[in-house]
Amino acid sequence: MDQPAPPPDPHHDAGSGGTSGSRPLALVVEGEATLRIEMADLLAETGFEVLEAWNAPTAIRQIERQIGRSAAIGLVIADADLPGPEGRFALVRRWPDLPVIALSAGPAPDPGELPPGTGFAPKPLSPALARTAWERLAG
């Protein structure tokens, strides 16, 4: 007797490269595993296909894997305080047209501190912000 197939995983970890292509693709970049999983789950529940990365080098590899595919990354939600030389806003410097929302538990950056086109929001990611991002990309 055949067992029913399990439901699809709503998001993929940093090791996966496949996407369905039917939903906007978001990348969550967060070093703290619990926060990363919570953000990925929230985005997936909103309708995104989600990839995860735990640091800037992993995020860069995820973006590079998607270049040229039909389901290119349309949104990055990133910890504004990623450590290291490839940390803070490295993704924006390499891909200036990639929509990025920087999240931080700290104070909001001073005017002009964020790269052009980068949004800012306090941690944790709110359902309202996830819905707004979805509406902009899906609609």
Side-chain angles (χ1 to χ4, degrees):
M1 183 162 136
D2 290 340
Q3 295 284 335
D9 183 8
H11 60 278
H12 300 281
D13 65 20
S16 74
T19 64
S20 69
S22 63
R23 302 182 289 167
L25 183 58
L27 173 63
V28 174
V29 188
E30 170 61 56
E32 189 176 322
T34 302
L35 286 176
R36 185 175 64 249
I37 291 167
E38 288 172 358
M39 285 190 279
D41 286 346
L42 178 59
L43 289 167
E45 289 167 6
T46 304
F48 284 94
E49 175 110 15
V50 182
L51 298 173
E52 298 178 33
W54 52 89
N55 58 26
T58 305
I60 289 167
R61 284 192 300 275
Q62 287 285 41
I63 294 168
E64 288 172 343
R65 286 182 187 144
Q66 297 303 316
I67 291 174
R69 293 186 179 190
S70 60
I73 293 171
L75 174 67
V76 176
I77 306 287
D79 182 350
D81 303 311
L82 289 171
E86 285 289 326
R88 190 174 175 103
F89 310 124
L91 305 177
V92 177
R93 287 190 296 273
R94 288 187 71 167
W95 294 282
D97 294 332
L98 187 63
V100 175
I101 299 173
L103 300 178
S104 178
D110 292 329
E113 187 178 347
L114 290 175
T118 301
F120 176 82
K123 281 186 180 178
L125 177 65
S126 71
L129 181 58
R131 279 191 302 278
T132 299
W134 164 259
E135 290 165 358
R136 287 185 182 163
L137 289 172

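What you see is a predicted model, and the numbers here were worked out from it, not measured in a lab.
- To the nearest 0.5 Å, atom CZ of residue Arg65 and atom CD1 of residue Ile73 are 10.0 Å apart.
- Considering CG of Leu114 and CZ of Phe120, their distance stands at 7.5 Å, rounded to 0.5 Å.
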Kindly list each side-chain donor-acceptor pair under 3.5 angstrom involving residues 97-110, sequence neighbours excluded, with atom names and distances?
| unit_1 | atom_1 | unit_2 | atom_2 | d |
| --- | --- | --- | --- | --- |
| Ser104 | OG | Asp81 | OD2 | 2.8 |
| Ser104 | OG | Gly106 | N | 2.9 |

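- When side chains are defined from C-beta on, Asp79 does not count as touching Trp54, because their heavy atoms never get closer than 4.5 Å.
- Residues forming a salt bridge (Lys or Arg N to Asp or Glu O under 4.0 Å) with Glu64 (at least two apart in sequence, or on another chain): Arg94.
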Distance-only donor-acceptor pairs under 3.5 Å for side chains of residues 29-39, two or more places apart:
| unit_1 | atom_1 | unit_2 | atom_2 | d |
| --- | --- | --- | --- | --- |
| Glu30 | OE1 | Lys123 | NZ | 2.8 |
| Glu30 | OE2 | Glu32 | N | 3.0 |
| Arg36 | NE | Glu52 | OE1 | 3.3 |
| Arg36 | NH1 | Glu30 | O | 2.8 |

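- Contact check for Gln66 versus Leu51: side-chain heavy atoms found under the 4.5 Å cut-off.
- Two residues are said to be in side-chain contact when any heavy atoms from C-beta on lie closer than 4.5 Å; Phe48 and Ile77 fail this criterion.
- Taking each heavy atom of Ala26 and Leu43 in turn, the nearest pair found is CB-CD1, 4.2 Å.
- For the side chain to side chain contact (heavy atoms under 4.5 Å, CB included) test, residues two or more places apart in sequence or in another chain that qualify with Ser126 are Ala128, Leu129.
- Note that CG of Leu27 and CD1 of Ile60 are 10.5 Å apart. Values are rounded to the nearest 0.5 Å.
- Partners of Pro124 by side chain to side chain contact (heavy atoms under 4.5 Å, CB included), not counting sequence neighbours: none found.
- Applying the side chain to side chain contact (heavy atoms under 4.5 Å, CB included) criterion to Pro127, with sequence neighbours excluded, gives Leu42, Arg131.
- Residue Ala56 comes nearest to Leu82 through the heavy atom pair N-CD1, 4.2 Å, listed as atom of the first residue, atom of the second, then distance.
- Going from atom CD1 of Ile63 over to atom OG1 of Thr58 covers 11.0 Å, rounded to the nearest 0.5 Å.
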